[in-house]
Amino acid sequence: MGHIINTVAGVAALTALFIPEVAAQSCAGVSGRFQPRMGSGYRVSLLATGLRQPRHIVVDSAGNLLVAEGGAQSVRRLVLRDEGNIVCAQSNTQLSGTNTNHGIALSADGRTLFTSNLASVNAYSYDPATGQVGSGRQIVNGMSNTGTHPTRAIATSKWSPDTILVARGSQSNIDTTTTQTSAGRSMIKTFSISAGTQSTINYNTGGEVLGWGLRNIVGLTEDPAYGGIWSVENQMDDVRLNGRDIHNNNPAERLSYHGILNATTNRYKGLNYGYPSCVPAWDPQNVGINGLVVGSLFKPDSVPNANDCANRMTGRLHFHAHTAPLDVKFTANGTAAYIAFHGSWNRNPADGYRVMRVDFRNGDPVADVSSTTAQIPVMENSNVGGCPNNCFRPVGLAFDAKGRLFVSSDTSGEIYVIYGA
Ligand SMILES: *[C@@H]1O[C@H](CO)[C@@H](O)[C@H](O)[C@H]1NC(C)=O
Ligand SMILES: *[C@@H]1O[C@H](CO)[C@@H](O)[C@H](O)[C@H]1NC(C)=O
């Protein structure tokens with residue numbers, strides 16, 4: 001891995017002799033169980049271990065990392081320290097009183113912390129200098145589910161600072177009631193933060209539908225340079241067509257576009273993306289319908305009737321079946337989006353378990369909608385055969401102001417830092 005030394009920034013060349021030639025560097029006292037395989041131009045270090053199911057993460061305005069620690073149902077704050085060409089944690093504290101199983105976001109001014117759990121979105125005053133959090137209040141509630149999919153991805157907007165986006169997935173693999181918006185599931189809604197602060201808003205009856213027919217959105221974000229809202233979706237399991245099992249390579253996971261929140265008119269607002277009646281193809285040949293390409297919607301067996309799959313909104317890019325994208329984040333200049341794939345359980349052999357990059361130009365992916373080669377490797381497991389129990393499983397992503405990309409891995413309890421993103 002000697003070439004890695006040549007890719008670090010100028011000043012680091014002076015200290016190059018002291019850089020250990022391994023893929024994952026460690027901060028003092030932090031040693032990793034895995035040696036990630038890095039894509040060309042990237043370097044990685046391990047920031048923290050021993051966390052309890054770290055899920056989504058954010059960097060605050062003072063450069064501290066806030067982690068939604070699902071296993072502890074609360075937020076953990078890591079104060080960071082630069083040590084030459086590696087960033088380490090100098091302290092690590094639980095923010096008591098916070099409540100989250102996955103979702104975390106900061107207001108545009110960085111002074112309000114939002115978290116989410118199965119039933120609600122909560123807001124707390126937050127002081128980035130001290131880590132002090134105020135008492136929480138529910139701003140959105142009524143999101144409890146009986147079945148699967150307990151996460152509620154949330155995102156705030158710099159372009160529309162009073163808006164919070166809240167995603168709620170289906171409550172089963174094929175959630176038939178989500179053919180109606182009144183189900184209040186398999187959708188992304190927008191809520192006014194100030195209205196929710198005055199009086200808690202019910203998810204089903206309040207807010208506005210940004211997009212629906214989206215099976216389970218686990219990550220969503222705003223492109224900081226162009227303002228577009230993007231989501232990543234986990235699609236249907238065990239899909240069959242005319243009695244034939246086609247689930248190993250279908251349907252596709254999706255990256256979908258939802259427009260710009262402060263646009264005078266957002267023509268993407270309120271669109272239906274097909275689920276539960278229509279799902280996107282990843283391997284059209286295996287689906288076997290004439291004229292189908294990657295991303296085209298088709299109706300599998302055992303779903304509510306639909307004769308208009310061709311007219312529903314499609315994703316903007318598509319990914320290997322069951323690779324489980326759980327987060328997406330953009331570089332500051334909007335030239336790339338990074339996507340965390342948690343990895344499959346519903347296919348053989350297993351796939352995913354990696355961080356990938358998708359290149360953008362003028363706010364839109366460079367690759368065509370039906371591309372199968374849009375993903376560029378960033379950080380992969382060197383032994384995918386060890387997954388899911390003996391490998392890292394990417395969940396949350398966050399950039400800091402210096403362009404370093406933080407990655408959480410829930411099952412291994414780790415946070416990594418990627419340099420060169
Ligand atoms: C939306 O917000 C961005 C960022 O603040 C701004 O540059 C843009 O002009 C705004 N658009 C509209 C239509 O107000
Ligand atoms: C955008 O930012 C990335 C770093 O995140 C950098 O490598 C790239 O050169 C920048 N591109 C442009 C066009 O500024």
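In each ligand, atom 1 is the first atom listed, and ligand 1 is the first ligand listed. The basis for the numbers below is simple: all heavy atoms, side chains too, and nothing from hydrogens, waters or symmetry mates.
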Student: Which protein residues have a heavy atom closer than 4.0 Å to any atom of ligand 2, listed by chain and number?
Tutor: T331, N333, T335, A421
Student: Flag N262 as yes when one of its N or O atoms lies below 3.5 Å from any N or O atom of ligand 1, and as no otherwise.
Tutor: yes
Student: Within the distance-only criterion (no hydrogens, no angle test), does the side chain of T323 pair as donor or acceptor with the backbone N or O of G352 below 3.5 angstrom?
Tutor: no
Student: Roughly how far, to the nearest 0.5 Å, is CG of D175 from CZ of R185?
Tutor: 4.0 Å
Student: The criterion is side chain to side chain contact (heavy atoms under 4.5 Å, CB included); which residues satisfy it with T335, sequence neighbours excluded?
Tutor: T331, N333
Student: Answer with yes or no after comparing the ring centroid distance for W282 and H320 against a 6.0 Å cut-off, counting only values under it.
Tutor: yes
Student: Can you spot which of F360, F330, F399 makes a ring pair (Phe, Tyr, Trp, His ring centres under 6.0 Å) with Y338?
Tutor: F399
Student: Is a donor on one side and an acceptor on the other found under 3.5 Å between the side chain of Y226 and the backbone of R361?
Tutor: no
